[in-house]
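Inspection log for the structure reproduced underneath, given as structure tokens.
Side chains included, hydrogens not; waters and symmetry mates left out as well; all remaining heavy atoms used. Since this is a predicted model, take the numbers as computed values, not measurements.
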Amino acid sequence: MAEAADFQGIDPSPARHLLRRAAAAVAALPLLMGLVAPAATAAATATPSATAAAAATGSRTVAVSLDTVTPSAPVKGDVLTLSGTVTNKGRETVRQARIDVHLGERLSSRGAIEDAARRTGFSEGEEGKPLGGAYVVPLAEIPSGASREFSIAVPVDKLGVDDAGVYPLAVSLSGRTPSDPYDQVLGAGRTFLPWQPAAAKSKTQLTVMWPLVSSAHLSAETGSDDQQTPVFESDALAAELAPGGRLERMVTLGAELPVTWVIDPDLLATAEAMTRDYQVRSGDTTVPGRNQAVAKQWLNALDKAVQGDKVIALPYGDPDLASLAHRGKRISGSLSHLRPATELAVSTVETILHVKPSVEYAWPANGALDPSIVDVATSAGADKVIARSDSMRERLSYTPNAARPIGGGTTAVVTDAVLSTAFEGDMTRAGASTAAVQRFLAHTLAVTHERPGTGRSVVVAPHRMPTASQAESMASALRALGAERWSQGSDLVTATTAKPDPKATTNVPSARQYPRALSRQELPETVFQQVRTTQDTLDNFKVILTAADRVVTPIGNAIKREMSTSWRGRPQEAAAYGQGVQTHLQSLTGEVKLIDKSDLTLSGRSATIPVTVQNKLVQGVDHLVLRLTSKKPTRLKLNDGEAAAELPVRVAGGHSQSVKFTASANANGPVPVEAQLYTEDGRPYGRPMQFTVKVSEITSTVMLVIAGGVLLLVLAGVRMYSQRKRAAARGDDAEAAAAAHDPEAAEDADPAPSVADSDDPVQPSDPATDTGRQSADPSGPGEKVEH
């Protein structure tokens with residue numbers, strides 16, 4: 001019972017280990033004292049070869065890899081085939097080598113299984129006596145560094161198994177070396193034999209979460225075309241989706257197994273974007289992506305695979321709940337992204353996979369909990385939290401049901417730590433994969449035998465991104481359970497509704513108990529500061545856009561990816577991705593700006609001052625206000641005699657707009673003027689632009705001089721007119737006299753010339769209101785504004 005109780009916490013504490021060992025040592029002391037004399041006598045009389053063989057027992061000179069155990073869970077009448085490889089790691093050749101099979105005593109608990117799995121030395125008392133006889137396989141000599149393959153076929157009836165349960169199974173290699181010319185065990189390979197010849201009366205309900213999660217692949221950038229062609233950070237996702245790739249294997253294998261799909265909707269959206277035209281970053285440029293067919297094939301396979309199964313959707317982007325709880329909540333606005341991420345998850349899965357997902361589950365990294373993580377999880381709308389048994393430790397002699405209430409209407413679904421981590425590590429080696437499969441099967445059978453009359457509901461949650469080989473190993477174990485002799489497949493929703501065990505713990509671990517190793521992997525606070533900066537910039541930008549979705553959707557989704565659990569342990573990559581999002585957004589906001597102006601000259605009491613707003617975006621901007629401010633209002637006022645004036649701005653995509661302000665001068669001299677764009681809610685947009693207006697007003701003295709000059713011109717004109725009139729009169733008298741002598745000559749004479757009036761000066765016209773795609777160059781030097 002104590003051994004099983006220790007197992008529920010996964011690993012007993014060091015203090016408990018020491019206490020148990022000390023107690024065992026004290027209890028064994030009298031026995032050891034009694035054995036000292038007989039042991040010394042036996043040692044004195046033993047042959048040298050026997051003594052050396054005993055000392056050599058448990059040697060690891062030869063590595064033994066048990067690569068296959070077929071069938072994994074045999075029944076009566078089966079022939080058990082064990083095959084593998086032995087490798088001589090010593091410096092001497094091994095001669096007279098042979099392989100033996102050992103079956104130990106039935107293991108009484110899950111704790112005993114783990115003890116056996118950790119054992120490294122060889123002991124015939126633990127491993128069992130060799131079967132011998134026809135079940136010994138001789139091998140040729142094995143030089144140093146060389147390997148030999150072996151295969152043994154043993155009828156199950158010859159193993160001597162009796163009661164149902166889990167048995168330790170081993171193969172050993174014995175042989176001789178030149179320095180030790182006697183038989184000794186030089187290496188051993190171990191595994192477990194689950195023995196359940198008939199179906200159990202009460203079976204364990206086994207739920208396996210099957211995660212489809214990847215790292216961030218889409219950038220925030222999209223093309224300016226109508227389709228908004230997406231830009232990928234790399235084409236690495238294609239390798240995961242292609243045949244043989246990690247995600248392809250997960251879908252293909254999962255389609256044949258009783259699993260619950262746990263999906264990050266961002267992965268679906270990214271794969272769906274790949275089915276159309278897309279671009280891939282390549283240095284400072286982008287190149288066309290060419291894996292549309294791979295993405296289509298994967299999505300089609302997934303669509304078929306999930307039909308009829310339970311689908312759990314994580315919040316969009318799979319946000320790191322623990323990082324948010326421990327670091328992100330210090331930055332205002334960080335938690336506000338969770339509920340929109342949950343809402344987006346529903347629509348994404350429904351649109352792409354045509355199934356309605358469950359979004360009531362939160363899954364913190366490695367299922368590690370503390371109260372702040374639970375609070376953050378529930379703020380996203382979840383009322384069920386996936387925990388793990390090495391976080392919520394039990395002190396029971398059996399494995400309780402996974403679900404249990406933890407207060408506040410929240411249910412913790414506690415996954416089994418040993419089963420969930422059974423396939424971590426390098427599963428590309430056949431020996432490692434076989435060992436993991438047999439250990440997994442052994443534990444599931446042990447759960448069933450803990451309380452034979454009471455069925456249990458157990459949940460398995462592997463880590464988020466299993467490799468292809470890990471997925472293959474998990475699938476092998478689940479296929480072996482397909483006979484349903486001691487377990488039945490279930491789903492996460494059913495497991496959540498199972499009746500909680502009244503003795504199971506419902507206490508959430510304190511913050512001090514959160515694993516330090518996991519804490520060191522969390523996203524730094526700077527990531528969440530960057531998220532806030534980007535979100536503030538986006539909020540300020542979107543209010544001026546006439547087609548805001550073209551910007552808000554790709555940038556908003558990228559912000560969600562910045563907080564992804566996939567960034568754990570990669571702070572530099574996380575920061576670089578977030579900086580890329582911010583840089584792209586800043587480049588977009590910079591497309592709407594004021595065109596720099598040179599100094600202006602105001603030669604009069606009033607004039608119009610134009611300021612140009614440029615929009616290089618493909619969409620129009622609206623809800624902007626341009627404010628012009630005179631820094632010396634006693635010298636220059638704007639519009640209705642104010643120090644500042646505001647006018648609304650609306651500019652079509654790819655155009656510029658000239659906004660005109662009325663200015664009135666009161667005195668001569670330079671006046672600094674500042675132009676600044678604002679959103680309608682009063683927030684500054686972009687950088688301010690400064691220029692100088694040089695006021696050159698006409699004074700009263702100048703007016704008197706001008707008036708005197710005009711008077712002189714008028715007097716001169718009157719005099720000239722009088723003289724011409726007198727001359728004309730004299731001319732008329734002469735013409736009359738001449739006409740008296742020659743009337744015809746008078747008729748041919750030209751008429752006297754008239755005085756023509758001069759035209760009024762014409763004021764130059766103002767620039768056109770919409771300048772279209774005009775130059776963005778600043779105004780020329782010495783720009784003059786006429787009155």
Side-chain angles (χ1 to χ4, degrees), residues 214-242 245 247 264-300 302-303 316-317 341 344-345 347-353 534-535 537-538 541-542 544-562 564 566 573 576-592 615-621 651-655 773:
S214 188
S215 55
H217 296 281
L218 266 178
S219 74
E221 186 178 350
T222 60
S224 60
D225 54 319
D226 291 340
Q227 291 74 31
Q228 288 192 267
T229 301
V231 177
F232 282 65
E233 297 285 351
S234 71
D235 220 0
L237 181 60
E240 295 189 69
L241 303 181
L247 290 171
D264 176 8
D266 177 54
L267 172 60
L268 300 183
T270 302
E272 199 273 336
M274 190 183 284
T275 63
R276 306 184 302 274
D277 290 340
Y278 69 98
Q279 294 285 313
V280 179
R281 291 195 193 281
S282 178
D284 295 332
T285 186
T286 60
V287 297
R290 304 187 182 281
N291 288 289
Q292 289 85 351
V294 169
K296 290 178 182 177
Q297 182 177 2
W298 184 80
L299 282 175
N300 289 337
L302 178 59
D303 193 335
Y316 194 98
L344 181 58
S347 59
T348 302
V349 174
E350 286 184 339
T351 301
I352 297 176
L353 294 184
T534 305
Q535 186 63 54
T537 305
L538 180 61
F541 186 41
K542 69 183 181 182
I544 74 169
L545 301 175
T546 56
D549 285 348
R550 287 182 62 92
V551 173
V552 172
T553 298
I555 298 289
N557 291 347
I559 289 174
K560 294 178 179 65
R561 294 186 200 105
E562 290 184 54
S564 173
S566 66
E573 291 90 337
Y577 182 84
Q579 185 59 50
V581 177
Q582 175 69 7
T583 300
H584 174 61
L585 180 57
Q586 288 174 339
S587 71
L588 293 178
T589 60
E591 301 286 33
V592 180
N615 175 20
K616 290 185 178 181
L617 298 172
V618 297
Q619 62 173 294
V621 296
V651 190
H655 287 68
R773 301 180 184 272

Qualifying residue, where the test is side chain to side chain donor-acceptor pair (under 3.5 Å) with T534 and the options are Q586, Q582, Q579 =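 For T534, the side chain to side chain donor-acceptor pair (under 3.5 Å) check succeeds only for Q582.
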
[Y] backbone acceptor or donor facing [X] side chain under 3.5 Å:
| X | Y | result |
| --- | --- | --- |
| T229 | G223 | no |
| S587 | H584 | yes |
| T275 | E272 | yes |
| S215 | S566 | no |
| D264 | G317 | yes |
| N615 | H655 | no |
| W298 | A271 | no |
| E233 | H217 | no |

If we only count heavy atoms from C-beta on, is the [X] to [Y] side-chain gap below 4.5 Å?
| X | Y | result |
| --- | --- | --- |
| L344 | N557 | yes |
| L267 | L237 | yes |
| Q227 | D277 | no |
| V280 | R290 | no |
| L302 | L247 | no |
| V551 | Q619 | yes |
| L617 | L545 | yes |
| R561 | V581 | no |

key: Set of ring-ring contact (aromatic ring centres under 6.0 Å, His included) partners for Y278, sequence neighbours left out   =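 Counting only residues at least two positions away or on another chain, Y278 forms a ring-ring contact (aromatic ring centres under 6.0 Å, His included) with F232.
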
Specify the closest pair of heavy atoms between [X] and [Y], including all atoms of both residues, with the distance to one decimal.
| X | Y | result |
| --- | --- | --- |
| L268 | T348 | CB-CG2, 4.5 Å |
| S219 | Y577 | CA-OH, 4.2 Å |
| P230 | L218 | CB-CD2, 3.8 Å |

query = Could D266 and K560 be called an ion pair, given the rule that one side-chain N must be under 4.0 Å from one carboxylate O?
reply =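 No.
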
message = K542: which residues meet the side chain to side chain contact (heavy atoms under 4.5 Å, CB included) condition with it, sequence neighbours left out?
response =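 Expected list: D539, A548, V552.
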
